[in-house]
Amino acid sequence: MAESNATQVILTDDGIKIIKAQNTADNAASGVANLNDPNLMSVIEKQTQAAQYAGLTSQYNVILARAKEASISTTALTTAYTNLNTFMTAILTDTTKASDVNRDNYKSLTDTYNTALSKVQSNLDDYVNNEFSTASSQAVVADSNATVAKSAADSTGALAETAFENNQITSQAVTALKDGSTVTIAELANGLSTKVADSDYETYKTQTKDLIASKASKSEANNANLIPYSSHFTTPLTGWTLINWGATDRKLLVTTHTFYQNGTGALLYLNTAQNGTAAAGSNRFPLLPNTIYTFQFKAFASSNVVGANVYLLSRAYGSTSDYDAVHGLFKNLVTSPSQIDQYTVTFTTGANDNEGYI
């Protein structure tokens, strides 16, 4: 029987490259499949959700602290957040690979959280309104007390005048005060009139109302900032990133300038030397649908900046899109090169706006 010779197969370097290329293509195809699979949360979505969830947690802590100060129950909100946090922690523990996700459960947990959050916010609004009603009542009482004091002075003066007109002896009408001194009705009337003169009376009313207003400012009570890391910027920068398009030399830095807090406060500095666009975005933060919000910021720019556009890009919970809706907050805004100015706009979220970023 003839013996066959052993056959040697040599895999060349080109062959290795082909295999590696095929493996890379397979991995890329798997990544695309992960993006399109509704039962998986992709790496990209995980990283986005991690930033968004940090914003939700920041808002939750602010609301929790305000509710505690107002003695408002947060049991339902805390339970809803705990359940959502357990769900999200399990998913976001490893953001380097895709993992299974129950979308229905995710939506149910977020809906429950938003409902509980909305109730607490509503109770906080009622609390603030009640505080203002109480403050207003106190101002009325103070006003009334000042009126009574003035009326008493007027009455005392009238009694003194009547006593003089009737030729009554007034030098002994009020005697034996605590320190042993004596005072006449006329002297008492003059003293009271001096202390509660019309100008003093009006000043007292004004000061009382201003004091109460300063102790119960509704705008301050409702001024909870929803955008995480939007003040007291630090290096390395947290919560803001450059958008991956536009000028090739675009930069986003933390800096200071004499225009702002005499050079002691940190600013975001968006820069390009090219004839192009430099864009930056915040972390995502939670929103309530069909709700009025106010966006406010301070800015200045060099004279060669032709304008700035500011958008809120929003989407529904569970959406895998970067955004579903665009809210144009400022368009072609030209800011001053010689001073820092404040800009404010009010807008209303849509029916499916559950989260967004600037």
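All residue numbers in this chain count up from 1 along the given sequence. A quick note: this is a predicted structure, and the numbers were derived from the prediction, not measured.
Here the closest heavy-atom approach between residue A50 and residue L92 is recorded as CA-CD1, 3.9 Å. Residues Y53 and L84 come closest through the heavy atom pair OH-C, 3.9 Å. Between A280 and L252, the shortest heavy-atom contact is CB-CD2, 3.8 Å. L77 and A116 get closest at one heavy-atom pair: CA-CB, 3.7 Å. Nearest heavy-atom pair across N271 and A278 is O-CB, 4.0 Å. Annotation for P337 and S303: closest pair CB-N, 3.9 Å, computed over non-hydrogen atoms.
At least one donor-acceptor pair closer than 3.5 Å links the side chain of T78 to the backbone N or O of T74. Formation of a donor-acceptor pair under 3.5 Å by the T112 side chain with backbone atoms of S108 is found in this model. A donor-acceptor pair is defined here as one N or O able to donate and one able to accept, closer than 3.5 Å; no such pair exists between the side chain of R315 and the backbone of A325. Side chain of T256 to main chain of A266: no donor-acceptor pair is present (N/O by atom type, distance under 3.5 Å, no hydrogens or angles). Between the side chain of T234 and the backbone N or O of L237 there is no donor-acceptor pair closer than 3.5 Å. For D249 (side chain) and A273 (main-chain N/O), a donor-acceptor pair under 3.5 Å exists by modelled atom type. One N or O on the side chain of D353 and one on the backbone of G350 form a donor-acceptor pair closer than 3.5 Å. Judged by distance alone, with hydrogens and angles left aside, the side-chain atoms of T89 form no donor-acceptor pair with the main-chain N or O of T86 at under 3.5 Å. For the pair T291 (side chain) and P289 (backbone), a donor-acceptor distance under 3.5 Å is present.
More than 12 non-hydrogen atoms from other residues, nucleotides or ligands lie less than 6.0 angstrom from CG of D322. Within 6.0 Å of the CG atom in N290, the count of heavy atoms belonging to other residues, nucleotides or ligands exceeds 12. Sparse packing is recorded around OH of Y229, with 12 or fewer heavy atoms of other residues, nucleotides or ligands lying under 6.0 Å away.
Residues F285 and L312 meet the side-chain proximity criterion, which asks for heavy atoms closer than 4.5 Å. Between T57 and Y81 the shortest side-chain heavy-atom distance falls below 4.5 Å. Using a 4.5 Å heavy-atom cutoff, the side chains of Q121 and L288 are in contact. Counting heavy atoms from C-beta outward, T272 and K251 have side chains that stay 4.5 Å or more apart. Contact annotation: the side chain of Q261 never approaches that of L267 to less than 4.5 Å [non-hydrogen atoms, C-beta and beyond]. Here the side chains of F295 and T344 are not in contact, with every heavy-atom distance at 4.5 Å or above. Contact annotation: the side chain of L287 never approaches that of N354 to less than 4.5 Å [non-hydrogen atoms, C-beta and beyond]. Side-chain contact between N309 and N332 is present, with at least one heavy-atom pair separated by less than 4.5 Å.
Y106 has its ring centre less than 6.0 Å from the ring centre of F87. Aromatic ring centroids of H257 and Y269 lie 6.0 Å or more apart.
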Begin from the C-alpha positions of S314 and T349 and carry the test side chain to side chain contact (heavy atoms under 4.5 Å, CB included) through to its verdict.
CA-CA 9 Å; S314 60; T349 52; over 6 Å; no
So Y343 and L329, side chain to side chain contact (heavy atoms under 4.5 Å, CB included) or not? Walk me through it.
CA-CA 10 Å; Y343 302 91; L329 305 183; over 6 Å; no
Just do the side chain to side chain contact (heavy atoms under 4.5 Å, CB included) check on V101 and L40 with the steps written out, would you?
CA-CA 5 Å; V101 60; L40 286 176; 5.6 Å; no
Using side chain to side chain contact (heavy atoms under 4.5 Å, CB included), reason through V305 and T335 one step at a time and then give a plain yes or no.
CA-CA 9 Å; V305 176; T335 57; 5.9 Å; no
Check step by step if side-chain hydrogen bond (donor to acceptor under 3.5 Å, both in side chains) holds for N61 and R66.
CA-CA 9 Å; N61 290 329; R66 290 173 57 202; over 6 Å; no
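Two different hydrophobic clusters hold L270 and Y357 under the rule that ILVMFWY side chains link at heavy-atom gaps under 4.5 Å. When the side chains of ILVMFWY residues are joined at heavy-atom separations under 4.5 Å, either directly or via intervening members, Y260 and I227 end up in two distinct hydrophobic clusters. Hydrophobic clustering places Y293 together with V345 (ILVMFWY residues linked when any side-chain heavy atoms are closer than 4.5 Å, directly or through intermediates).
Rounded to the nearest 0.5 Å, atoms CG (N39) and CZ (R103) are 8.0 Å apart. Distance CE/M41 to CG/N102: 11.0 Å, rounded to 0.5 Å. Rounded to the nearest 0.5 angstrom, L253 CG and L242 CG are separated by 8.5 Å. Atom-to-atom distance recorded for F300:CZ and S338:OG is 10.5 Å, nearest 0.5 angstrom. With values rounded to the nearest 0.5 angstrom, K97 atom NZ is found 14.5 Å from S42 atom OG. Between the OG atom in S118 and the CD1 atom in I63 there is a gap of 10.5 Å [rounded to 0.5 Å].
Side-chain atoms of E355 and Y323 form no donor-acceptor pair, as typed in the model, at a separation below 3.5 Å. Side-chain atoms of D341 and Q339 form a donor-acceptor pair, as typed in the model, at a separation below 3.5 Å. A donor-acceptor contact closer than 3.5 angstrom is absent between the side chains of N262 and T264. Y317 and D111 are not linked by any side-chain donor-acceptor pair at a separation below 3.5 angstrom, with hydrogens and angles left out of the test.
For R284 and E45, the salt-bridge test fails: no basic side-chain N is under 4.0 Å from an acidic carboxylate O.
Exactly one residue among F347, Y311, F297 makes a ring pair (Phe, Tyr, Trp, His ring centres under 6.0 Å) with F330. That residue is F297.
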